[in-house]
Amino acid sequence: MKTPKPSFAVIVVFAAMLVGAAAFASAQEPLTVAESSQYKSTSLYQDVMAFISALQARSPLLRVETLCRSAEGRDVPLMILADPPVSSPQDLKQGGRAVVYIQANIHAGEVEGKEASLMLARDILLQKKPAVLDKLVILIAPIFNADGNEKISKMSRPQQEGPENGVGVRPNGQNLDLNRDAMKLESPELQGVVQNVLMRWDPVLAMDLHTTNGFFHEEPVTFAWAPIPNADPAIRAFMRDKLQVAVEARMRDVRKIQAILYGEPMDFRNFDKGFEAFGAEPHFFTNYVGLRNRLSILNENYNHADFKTRVLGCNALLESVLTYTHDNKDTILKLVADADRAAIVRGLNPMDKDRFGLTFEPKPVERKLTINIWEMEVIPREGGYPEIKKTDRKKTLVLPFFADYVATRSVQFPAGYFISVPDQNVIAKLRRHGLIVERLVQPASVEVESFLLKELKTSERPFQGHWMDKVKGDYASVKKDFPAGTYFVSTAQPLGSLAAALLEPESDGGLLAWNYFDKYLAPQWSRKLGEYPVYRLLKPVALGKEIVQ
Ligand SMILES: [Zn+2]
């Protein structure tokens with residue numbers, strides 16, 4: 001049968017409807033590059049900026065600040081979603097809203113977080129999905145590593161399933177891995193996020209979005225809390241036992257997406273040994289946020305899932321975490337306020353039980369990890385890493401998950417640190433983290449603990465531009481005279497754990513390890529090693545001091 005020809009008038013009306021629908025869609029709902037390309041492409045910096053402008057034109061609830069200017073001169077945008085809108089953090093003092101921070105693209109080859117977080121912003125602003133702005137203010141840095149993003153290439157991460165136009169590179173414009181920079185703060189991006197997000201807006205929860213590198217499994221979304229052992233234990237327990245479990249359940253039951261704990265096999269040749277969390281080091285952004293008494297989540301989307309699945313999976317995870325945070329806002333606000341208070345109380349009078357861990361061993365958490373894997377074939381390759389191939393043999397494994405890092409060596413947590421050298425690099429670095437640094441206005445003669453080096457080893461190759469130091473030595477009680485002007489960092493402040501992590505001589509992420517004290521450790525006129533110019537005050541004493549402004 002022949003289809004009757006539509007009349008001209010019908011065509012006009014129909015065409016007008018189409019144009020109207022298109023105009024309505026563009027007026028209401030800008031699309032991300034991922035969506036408009038049917039998930040074949042990811043966005044460039046200009047696309048992200050244009051998308052943000054389009055949202056701003058449609059919603060008064062979005063403000064944009066600059067997180068930092070990158071090494072190559074790009075302004076990295078920070079989106080602020082709030083209802084009513086907030087022009088500064090002062091506006092948040094009343095009303096009890098909680099701030100959440102979402103960070104995408106820290107590794108600019110791992111791009112689905114960028115697309116997923118932009119979609120999330122649009123849906124919250126234009127469709128109230130999820131409707132969370134009555135209790136939350138949401139900050140989004142969709143393109144944190146903008147310089148890396150613009151070096152888009154099909155050669156980047158070739159093992160990853162799409163997008164077809166390629167992805168950016170891992171390092172920033174200084175060739176630094178931004179997810180190793182949280183303690184030394186040597187990139188504009190990390191300096192910017194600490195100053196303009198963590199210190200300025202004080203988010204109670206931060207999420208850092210990545211893509212996995214590795215083995216073959218079925219679940220498209222993996223995520224985990226910060227396992228950093230020197231951080232507040234109540235926050236860690238809440239994340240492990242409450243938030244993680246509830247968000248996994250919501251992903252499964254409501255969003256119909258498999259989301260599991262993120263970990264790596266202890267032994268790639270034998271998965272039965274179990275999986276381990278991503279590590280105890282504070283240089284990871286997620287752990288660093290934990291060290292600052294705030295909740296944080298590392299999200300890793302599965303690199304062998306196709307791009308669309310990864311974007312939608314990440315978007316669903318963001319929605320699920322926001323919904324949980326919204327529904328438990330008061331509990332979370334109390335949890336972080338309690339952690340800040342506990343840090344001050346501990347620093348005011350450290351007890352014997354208060355320890356700072358130096359080396360750790362991962363112990364399994366109570367809950368097991370259930371994961372559906374495909375067995376792999378390992379094919380040796382001459383002069384390189386072996387090729388890993390997926391087989392079609394699928395297995396469900398129920399495995400121990402090692403994510404409780406327990407200290408195997410620790411020191412007494414001190415009341416504070418005297419810094420006996422007027423080193424402005426060190427002082428500026430501590431203040432950049434938001435630590436309160438003080439200076440003696442009167443000389444003080446105090447019983448302190450010194451650290452005398454016995455061994456100083458540098459790493460065999462540089463790591464992030466540093467020949468990292470590892471030291472061994474002896475702690476000794478000494479009476480020491482500190483002249484007026486000596487710097488002092490008390491641990492009786494909310495960031496007391498971070499102060500210890502930066503200043504303990506044997507801390508794996510400390511300023512000593514990152515070479516900030518090198519010139520004092522090895523005197524050039526003698527073969528002996530020096531004394532670490534930072535002294536541990538174990539019990540608080542009255543000191544005449546003032547805050548360094
Ligand atoms: Zn990554």
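Side chains included, hydrogens not; waters and symmetry mates left out as well; all remaining heavy atoms used. Both counts, for ligands and for their atoms, begin at 1 and track the order of listing.
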(request) Assess whether atom CD of Gln159 is packed by more than 12 heavy atoms of other residues, nucleotides or ligands within 6.0 Å. (result) yes
(message) Can you give me the closest heavy-atom contact between Leu126 and Ser59, atom names plus distance?
(response) CD2-CB, 4.2 Å
(message) Just so I know, are the side chains of Asp202 and Pro89 near enough to count as touching, which here means a heavy-atom distance under 4.5 Å?
(response) no
(request) Using side-chain hydrogen bond (donor to acceptor under 3.5 Å, both in side chains) as the criterion, point out the one residue from Asn315, Thr309, Thr211, Asn105 that pairs with Glu112. (result) Thr211
(message) I'd like to verify the contacts: list protein N, O or S atoms under a distance of 2.8 Å from the Zn ion (ligand 1).
(response) His107 ND1, Glu110 OE1, Glu110 OE2, His210 ND1
(message) If the test is ring-ring contact (aromatic ring centres under 6.0 Å, His included), which one of Phe284, Trp225, Tyr405 qualifies with Phe278?
(response) Phe284
(request) Look at the rings of His304 and Tyr302 and say which category their plane angle falls in: under 30° parallel, 30 to 60° tilted, over 60° perpendicular. (result) perpendicular
